[in-house]
Amino acid sequence: MVKMLRRGNSHMPDMEEYGASSSPGARPGLDARFFARSVHRVAPELIGAVLMIDGVGGVIVEVEAYDHEDPACHGFGGRTERNAAMFGPPGRAYVYRSYGIHWCLNVVCEPEGIASAVLIRAIEPTLGLEAMQARRGLSDPRLLCAGPGRLCQALGITRAHDHARLDTSPFALLPRAAEVPLAVGPRIGITKAADRPWRYGLARSRFLSKPFPR
DNA sequence: ATTTGGATTTCCT
DNA sequence: GGAAATCCAAATC
C-alpha cells in the first residue's frame, strides 16, 4: 500500500514548528517537542528525515512504532534496567542489545513516563560512506544499513548512546525536506501483536531491510 | 528462492 | 532453561 504523506493538515501542526535546535545557517533539527506526541504520528513523519552521528549517516527509509499498550513493546511489562530510557524524556535514544549480538536504535516518544518508541530499521547511507563501509566490512551500499542491527554497526551506535539526545552532538536529526511516498505494513520479526501495521517505509526504496508486501 | 543453525545478552518463568 | 523488535553463511529446494 502506498500513499502520500501530507505536510500539514488541520489536525497536526507543520513540522517546521517543532525545530528548536537550530544553529546559524542550519535547518532546525527534530527536537523533544517533535517526539512528545503519539508514536503513531511521529513514526511515519520520520521517513525521509536525515539521521547522522558525527556526520555519518543518511536518510531514514524504514521505522516501526511501538506504543505503551503494545505487548511487543519492550516497556509494556514495566521498567527494567535495559528499557529505562523508554520511560524517560522524548527525543532520546533507547539502544538495546538484540539477540545477544546486535545493537538496535529507537527514539523515545510521547510525554515522559509513557513508554513508547520508534525503532529505526533502515537508512539510505549517504554521508560518510567510507566510515560505514569500514565498520561493516562491506562495500555494497544496499547492505550497509538495511536492518536495525546493521545500521547501528555502520553508525557505531552502542549502549554508550542509550539515553542520548538526538538533537545535539554527536547526533543530528533533520526533518524531511519534501513529501515522500509511504509504504505501510506489519512489523518484522515479532511474535506478539504481529498483525498491527505499524511498519513504515519509503515506498520502493532499495535500502529497506525487506520489501513491503503488496 | 527458501530454510536452517549458530552467535550470545537480557529478561522472564 | 528458553525466548527475543537480528544477521549471516551454508545447505537444500
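Worth knowing before you read on, the calculation uses all heavy atoms, side chains too, and leaves out hydrogens, waters and symmetry mates. So that the names make sense, note that chain A is the first sequence line, chain B the second, and so on, each numbered from 1.
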Please state the C1' separation for the pair B/dT2 and C/dA5 - nearest whole angstrom.
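Going atom to atom, C1' in each nucleotide, I get 23 Å.
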Would you measure the distance from the P atom in C/dC13 across to the matching atom in B/dG5 and give it in whole Å?
13 Å
Rounding to an integer number of Å, can you tell me how far [X] [atom1] sits from [N] [atom2]?
{"X": "A/Arg159", "N": "B/dT9", "atom1": "CZ", "atom2": "P", "result": "12 Å"}
{"X": "A/Ile188", "N": "C/dC7", "atom1": "CD1", "atom2": "P", "result": "10 Å"}
{"X": "A/Leu105", "N": "C/dC7", "atom1": "CG", "atom2": "C1'", "result": "17 Å"}
{"X": "A/Phe76", "N": "B/dC12", "atom1": "CZ", "atom2": "C1'", "result": "14 Å"}
{"X": "A/His74", "N": "C/dA4", "atom1": "NE2", "atom2": "C1'", "result": "7 Å"}
{"X": "A/Tyr94", "N": "B/dT10", "atom1": "OH", "atom2": "C1'", "result": "9 Å"}
{"X": "A/Met86", "N": "B/dT10", "atom1": "CE", "atom2": "P", "result": "17 Å"}
{"X": "A/Leu144", "N": "C/dC8", "atom1": "CG", "atom2": "C1'", "result": "15 Å"}

Closest nucleotide among [options] to the [X] side chain:
{"X": "A/Arg97", "options": "B/dC11, B/dT9, C/dC7", "result": "B/dT9"}
{"X": "A/Glu81", "options": "C/dA5, C/dT6, B/dC11", "result": "B/dC11"}
{"X": "A/Pro148", "options": "C/dT6, B/dA7, B/dC12", "result": "C/dT6"}
{"X": "A/Asn106", "options": "B/dC11, C/dT6, C/dA5", "result": "C/dA5"}
{"X": "A/Tyr96", "options": "C/dA5, C/dT6, B/dC12", "result": "C/dA5"}
{"X": "A/Ile190", "options": "B/dC12, C/dA5, C/dC8", "result": "C/dA5"}
{"X": "A/Tyr66", "options": "C/dA5, C/dC8, B/dT10", "result": "C/dA5"}
{"X": "A/His102", "options": "C/dA5, C/dC7, B/dC11", "result": "C/dC7"}

Reckon [X] has a side-chain N or O less than 4.0 Å from the OP1 or OP2 of [N]?
{"X": "A/Arg136", "N": "C/dC8", "answer": "yes"}
{"X": "A/Ser98", "N": "C/dA4", "answer": "no"}
{"X": "A/Arg82", "N": "C/dA5", "answer": "no"}
{"X": "A/Thr191", "N": "C/dA4", "answer": "yes"}

Nucleotide paired to [N] in any strand shown, Watson-Crick or G-U, under 3.5 Å:
{"N": "C/dC13", "result": "none"}
{"N": "B/dT8", "result": "none"}
{"N": "C/dA5", "result": "none"}

Cation-aromatic face contact [X]/[Y], 6.0 Å, 45 degrees:
{"X": "A/Arg159", "Y": "A/Trp103", "answer": "no"}
{"X": "A/Arg199", "Y": "A/Phe212", "answer": "yes"}
{"X": "A/Arg37", "Y": "A/Phe34", "answer": "yes"}

Under the 4.5 Å side-chain heavy-atom rule for ILVMFWY, direct or indirect, which residues accompany A/Tyr66?
A/Met86, A/Phe87, A/Tyr94, A/Tyr96, A/Val108, A/Leu119, A/Ile190
How about A/Arg136 and A/Gln153: does a side-chain donor come under 3.5 Å of a side-chain acceptor?
yes
Report yes or no: do A/Ser205 and A/Glu124 form a side-chain donor-acceptor pair below 3.5 Å?
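Not at all, the side chains of A/Ser205 and A/Glu124 share no donor-acceptor pair under 3.5 Å.
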